[in-house]
Asks: 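Before I ask anything, here is the structure I am working with.
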Amino acid sequence: MLKKELQDEFINILREELVPAMGCTEPIALAYAAAKGREVLGCEPERITAKCSGNMIKNVRCVTIPNSGGLTGIETACALGAVAGNAAAGMEVLEHVDDAGREKTRELLKNGCCKVEFLDSEIPLHFVIELFGDDHSAAVEVRHTHTNIISVKRDGQVVFEKAGEFAEKGYSTDRSGLTLEAIRDFADEVELNCIRDIFERQIRYNMDIAYEGISGDYGLGIGRVIRESYADGIVTRMKAYAAAASEARMGGCDMPVIINSGSGNQGIASSVPVIVYAREKNIPTQRLYRALAFSGLLTIYQKEFIGKLSAFCGAVSASCASAAAITYMTGGTLSQIKATIDNTLANIPGIICDGAKISCAAKIASSLDASMMAHHLAMQNKEYEAYTGILKEDAGETISCIGYIGKVGMHQTDKEIIKMMLGVRDGKQD
């Protein structure tokens with residue numbers, strides 16, 4: 001029996017992480033900070049400077065900004081947020097951008113009023129937005145998580161500063177109680193009335209954008225291609241709808257998704273496959289809610305070791321959680337859940353993150369293919385042995401090892417990916 005204090009903490013974690021966001025979360029974070037800066041500046045900016053860490057640059061440069069009229073890039077995100085964003089809406093800051101806002105944004109961009117500078121920081125998610133207008137300036141600094149403003153200045157004077165542990169982590173909940181066993185116990189025992197609203201919204205938002213992705217004109221239309229080209233079956237449909245949802249949000253769709261660990265793609269990959277599977281198998285809604293709680297927390301648990309942004313593709317963690325949740329939802333034992341995790345992480349721990357873009361949808365599809373194979377192996381009590389490669393005796397230890405590889409081992413890989421994306425190799429511009 002899980003202690004009530006821990007149950008409450010897990011519910012708070014879910015409420016803190018499973019929130020709505022429009023579009024790719026990195027450009028939205030820039031738009032949010034720019035909108036907040038405009039409030040502090042007190043007028044429409046004449047100039048904007050965005051100082052961004054390498055991971056921020058990597059994740060913004062290739063995605064379409066929602067409600068921008070098809071525009072991309074850091075400059076667009078900052079300008080649109082500054083002239084037409086609503087900071088009070090958080091990660092839905094661009095929800096009500098109108099034609100006038102888009103026109104003003106194009107004006108700023110055409111005049112070259114937005115400048116991007118590289119911020120040499122060891123914090124992957126780190127940026128400072130500076131705005132100038134009417135002989136005044138404003139600066140907003142964000143670290144660690146997408147809306148974690150740690151400092152606001154006007155004319156060089158500090159008007160807000162966040163101190164302490166929250167400033168350094170970006171969240172207020174205690175994650176130390178997360179373990180595979182505790183997550184399973186929580187999913188089994190939590191009163192559904194305490195979490196029903198969380199997952200009703202998640203199902204509605206993430207399936208709506210999945211349907212939009214399947215029927216709309218985004219990217220390569222990967223969802224339709226998967227559905228039309230592969231043998232019809234439950235895994236094909238899981239992959240098709242999850243990939244379609246990702247491609248839509250990467251392609252500029254203005255519909256919100258419920259994110260996980262700061263990522264819409266992780267929010268999609270950790271929920272849509274579980275929902276599709278449950279609907280196909282006529283699994284009761286109450287059981288689906290418990291499986292989504294399991295998947296959501298397992299994704300968060302894995303990302304605690306890796307960090308919000310890294311060279312390790314988050315689709316792997318989220319798809320692993322989805323398949324483990326399906327093992328849980330279909331009556332799998334704790335040993336079979338562990339086997340699903342180990343079988344997945346024995347297979348695809350090396351997919352790199354080379355920035356947010358429409359091809360993230362393909363990585364989700366590939367990761368789901370691997371994780372569902374892991375599930376089927378586990379349900380037949382087949383599992384790769386401990387100490388085969390990087391696998392450990394305990395699933396939590398395996399997860400921590402993968403996290404170490406993603407956060408520490410791939411740190412230099414991340415730098416090289418960023419340099420390559422910026423056209424720099426061997427210290428020279430391509």
Side-chain angles (χ1 to χ4, degrees), residues 17-32 35 59-60 62-72 76-77 80-81 84-99 101-102 105 146-147 197-224 226-227 237-276 279 292 296 314-315 318 356-362 364-365:
E17 291 284 7
L18 272 57
V19 296
M22 286 178 64
C24 177
T25 49
E26 280 70 52
I28 293 299
L30 294 175
Y32 166 74
N59 272 14
V60 180
C62 296
V63 291
T64 303
I65 315 299
N67 270 341
S68 69
L71 301 176
T72 62
T76 297
L80 196 62
N86 174 21
M91 294 296 282
E92 295 179 279
V93 58
L94 301 180
E95 183 178 12
H96 297 299
V97 173
D98 57 14
D99 288 339
R102 282 185 281 273
T105 296
H146 296 78
T147 57
D197 64 310
I198 299 173
F199 296 110
E200 283 179 347
R201 183 176 68 171
Q202 185 184 57
I203 292 167
R204 185 170 69 254
Y205 280 35
N206 291 3
M207 290 309 297
D208 280 354
I209 199 168
Y211 296 137
E212 172 65 18
I214 282 281
S215 60
D217 184 20
Y218 301 97
L220 306 182
I222 189 171
R224 289 192 299 277
I226 290 172
R227 202 170 55 176
R237 289 190 285 277
M238 289 163 62
K239 290 161 51 180
Y241 280 103
S246 169
E247 194 171 48
R249 69 178 290 272
M250 294 286 97
C253 177
D254 61 5
M255 298 171 69
V257 303
I258 300 301
I259 65 176
N260 185 306
S261 302
S263 164
N265 282 337
Q266 286 162 195
I268 288 164
S270 63
S271 63
V272 169
V274 183
I275 298 162
V276 172
R279 288 178 173 177
L292 288 171
K357 58 210 172 310
I358 59 170
S359 64
C360 292
I364 289 175

Asks: So, taking the atom named CE in M207 and the one named OH in Y241, what distance separates them when rounded to the nearest 0.5 Å?
Replies: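 So the gap between those two atoms works out to 7.0 Å.
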Asks: How long is the span from the CE atom in M250 to the CD1 atom in I364, to the nearest 0.5 Å?
Replies: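 It is 8.5 Å, given to the nearest 0.5 Å.
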Asks: Could you check whether any side-chain N or O of R102 sits under 3.5 Å from a backbone N or O of S68, counting only pairs where one atom can act as donor and the other as acceptor?
Replies: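 Between the backbone of S68 and the side chain of R102 there is no qualifying donor-acceptor contact (under 3.5 Å).
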Asks: When you measure from the side chain of R201 to the backbone of I258, do you find a donor-acceptor pair of N or O atoms at a distance under 3.5 Å?
Replies: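 Here the side-chain-to-backbone pair does not exist.
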Asks: Output the distance between atom OG1 (T25) and atom CD1 (I259), rounded to the nearest 0.5 Å.
Replies: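 The OG1 atom of T25 sits 6.0 Å away from the CD1 atom of I259.
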Asks: Please confirm whether the backbone N or O of S263 pairs with a side-chain atom of S261, one donor and one acceptor, at under 3.5 Å?
Replies: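 Checking the backbone N and O of S263 against the side chain of S261, no donor-acceptor pair under 3.5 Å is found.
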Asks: I'd like to know if the side chain of N260 and the backbone of Q266 have a donor-acceptor N/O pair within less than 3.5 Å.
Replies: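 Not a single qualifying donor-acceptor pair exists.
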Asks: Can you tell me if Y218 and R249 form a side-chain donor-acceptor pair at under 3.5 Å?
Replies: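 No donor-acceptor contact under 3.5 Å links the two side chains.
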Asks: For E247 and L220, indicate whether the former's side chain and the latter's backbone hold a donor-acceptor pair under 3.5 Å.
Replies: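 Judged by distance alone, yes, a pair lies under 3.5 Å.
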Asks: Are any side-chain N or O atoms of N59 and backbone N or O atoms of E26, one a donor and one an acceptor, separated by less than 3.5 Å?
Replies: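 Pair absent, no side-chain N/O of N59 close to backbone of E26.
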Asks: Could you tell me whether a side-chain N or O of D254 sits under 3.5 Å from a main-chain N or O of M22, the two making a donor and an acceptor?
Replies: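 No.
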Asks: What are the two closest heavy atoms between R224 and G213, and how far apart are they?
Replies: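 It is NH1-O, 3.9 Å.
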Asks: What distance separates S270 OG from L18 CG, expressed to the nearest 0.5 Å?
Replies: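 Separation between the atoms: 6.5 Å.
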Asks: How close do A365 and A243 get, heavy atom to heavy atom, and via which atoms?
Replies: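 Scanning both residues, the minimum pair turns out to be CB-CB, 4.4 Å.
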Asks: Please check if atom CG in D197 has more than 12 non-hydrogen atoms from other residues, nucleotides or ligands closer than 6.0 Å.
Replies: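 Correct, the count exceeds 12.
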Asks: If I compare all heavy atoms of G223 with all of A244, which pair ends up nearest, and what's the gap?
Replies: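 Looks like CA-CB, 4.0 Å.
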Asks: Looking only at non-hydrogen atoms, find the nearest pair between I28 and P66 and report the distance.
Replies: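 Smallest heavy-atom distance, with atoms named: CD1-CG, 3.9 Å.
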Asks: CD1 of I203 to CG of L292: how many Å apart, nearest 0.5 Å?
Replies: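 Going from the CD1 atom of I203 to the CG atom of L292 covers 5.5 Å.
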Asks: In the structure I gave you, are the side-chain heavy atoms of N86 and E92 within less than 4.5 Å of one another anywhere?
Replies: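 The answer is no; the side chains never approach within 4.5 Å.
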Asks: Work out which heavy atom in A248 is nearest to a heavy atom in I209; give both atom names and the distance.
Replies: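 That would be CB-CG1, 4.0 Å.
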Asks: I need the L30 CG to L80 CG distance, nearest 0.5 Å.
Replies: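 It comes to 11.5 Å.
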Asks: Can you check whether M91 reaches P20 side chain to side chain, under 4.5 Å on heavy atoms?
Replies: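 Side-chain contact under 4.5 Å: no.
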Asks: If you take all heavy atoms of I358 and G219, which pair is closest and at what distance?
Replies: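 Smallest heavy-atom distance, with atoms named: CD1-CA, 3.7 Å.
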Asks: Are the side chains of R279 and R237 in touch, meaning some heavy atoms are under 4.5 Å apart?
Replies: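 No, side chains not in contact.
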